[in-house]
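Each remark here refers to the structure printed beneath this line.
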Amino acid sequence: MRNACSSRRPRVRASNWRAEPVRALAAVFLLCAGAAAQSADYLSVGENAAVLYDAPSREAKALFVVSRHYPLEVLVNLEAWVKVRDHTGALSWIERKLLTDQRMVVVVAPSADARQQPEEGAPLAFVAAQNVALELLGVAPGGWLRVRHADGANGYLRANLVWGA
């Protein structure tokens with residue numbers, strides 16, 4: 001004999017209805033992590049000279065001194081300190097107050113020919129030597145960047161010739 005309180009509802013397996021939100025959350029997390037990995041955040045040094053340390057403290061070991069406009073990739077952003085990576089791959093810490101949002105790139109090729117148009121055959125605008133910092137003005141189609149030299153010259157160069165874009 002059947003109990004009056006029991007009903008014949010279809011049984012839902014607990015693993016199905018509990019696993020779906022977890023799977024959805026995991027998918028969202030992976031999408032966000034992938035987008036964050038693709039869009040790196042860069043800052044540049046805003047002072048004439050800035051010390052890079054091995055830990056987020058002035059009492060830590062000083063590793064390097066870098067000059068104004070040196071681009072750095074932001075890895076960790078604390079209130080007063082930022083963990084960064086430079087174009088050589090070196091990791092270090094710098095005081096946040098020494099950084100600016102101005103986008104700069106550094107030439108990593110032996111030299112970089114900047115063109116007047118984003119085309120290989122376009123007239124030459126200027127040539128930048130290795131380790132020269134250039135202001136990033138924009139991104140053009142086909143792997144070109146629009147940049148400005150410290151002397152004011154503007155031009156387009158291939159993105160693979162610089163680091164920090």
Side-chain angles (χ1 to χ4, degrees), residues 26-165:
V28 168
F29 174 77
L30 289 173
L31 285 173
C32 291
Q38 290 176 357
S39 63
D41 188 23
Y42 294 91
L43 297 174
S44 59
V45 175
E47 300 294 317
N48 287 333
V51 178
L52 300 178
Y53 296 94
D54 71 344
S57 167
R58 284 188 176 182
E59 305 304 316
K61 179 182 173 189
L63 300 174
F64 311 103
V65 176
V66 293
S67 60
R68 180 183 300 272
H69 302 305
Y70 192 76
L72 296 163
E73 179 184 5
V74 174
L75 301 176
V76 176
N77 204 343
L78 303 179
E79 189 172 318
W81 290 88
V82 180
K83 185 174 186 177
V84 295
R85 180 185 354 250
D86 70 7
H87 73 282
T88 68
L91 303 177
S92 56
W93 290 87
I94 186 170
E95 290 183 87
R96 174 66 177 107
K97 66 183 180 182
L98 302 176
L99 297 171
T100 179
D101 292 332
Q102 184 180 23
R103 286 297 305 269
M104 304 296 288
V105 293
V106 64
V107 177
V108 293
S111 69
D113 292 344
R115 304 283 176 180
Q116 291 179 11
Q117 302 294 324
E119 303 166 354
E120 287 297 336
L124 199 61
F126 66 89
V127 178
Q130 189 171 33
N131 296 320
V132 168
L134 304 168
E135 183 179 2
L136 178 62
L137 301 175
V139 177
W144 292 88
L145 301 176
R146 184 162 184 249
V147 296
R148 179 181 303 140
H149 193 279
D151 68 7
N154 289 304
Y156 295 86
L157 51 78
R158 287 284 186 191
N160 63 348
L161 300 176
V162 297
W163 181 89

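In terms of modelled atom types and a separation under 3.5 Å, the side chain of Gln130 and the main chain of Val108 share a donor-acceptor contact. A donor-acceptor contact shorter than 3.5 Å links the side chain of Asp54 to the backbone of Lys61. Ser44 places a side-chain N or O within donor-acceptor distance of the main-chain N or O of Gln102, the cut-off being under 3.5 Å.
The side-chain heavy atoms of Glu95 and Arg58, taken from C-beta on, include a pair separated by under 4.5 Å. At least one side-chain heavy atom of Asp86 sits under 4.5 Å from a side-chain heavy atom of Tyr70. Taking the side chain as every heavy atom from C-beta outward, Phe126 and Gln116 never approach each other to under 4.5 Å. Val105 is not listed as a side-chain neighbour of Pro71, based on a closest heavy-atom distance of 4.5 Å or more.
Residues forming a salt bridge (charged side-chain N to carboxylate O under 4.0 Å, His left out) with Asp151 (at least two apart in sequence, or on another chain): none. For Arg158, the salt bridge (charged side-chain N to carboxylate O under 4.0 Å, His left out) partners two or more places apart in sequence, or in a different chain, are Glu120.
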Evaluation steps, side-chain contact (heavy atoms from CB on, under 4.5 Å), between Trp163 and Glu73: CA-CA 10 Å; Trp163 181 89; Glu73 179 184 5; 4.0 Å; yes
Before you tell me yes or no, could you show the steps for Leu75 and Val84 under side-chain contact (heavy atoms from CB on, under 4.5 Å), namely the whole-Å CA-CA distance, both residues' side-chain angles and the distance that decides it to 0.1 Å? CA-CA 5 Å; Leu75 301 176; Val84 295; 5.9 Å; no
Kindly determine whether Val147 and Leu157 satisfy side-chain contact (heavy atoms from CB on, under 4.5 Å), including the steps that lead there. CA-CA 7 Å; Val147 296; Leu157 51 78; 3.8 Å; yes
Can you check side-chain contact (heavy atoms from CB on, under 4.5 Å) on Arg115 and Trp144, steps first, answer last? CA-CA 10 Å; Arg115 304 283 176 180; Trp144 292 88; 4.1 Å; yes
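Considering every non-hydrogen atom in both Val107 and Ala129, the closest pair reads CB-O, 3.4 Å. Closest approach of Val51 to Ile94, counting heavy atoms only: O-CG1, 4.0 Å.
When the options Arg148, Arg146, His69 are evaluated for a side-chain hydrogen bond (donor to acceptor under 3.5 Å, both in side chains) with Glu135, the one that passes is Arg148.
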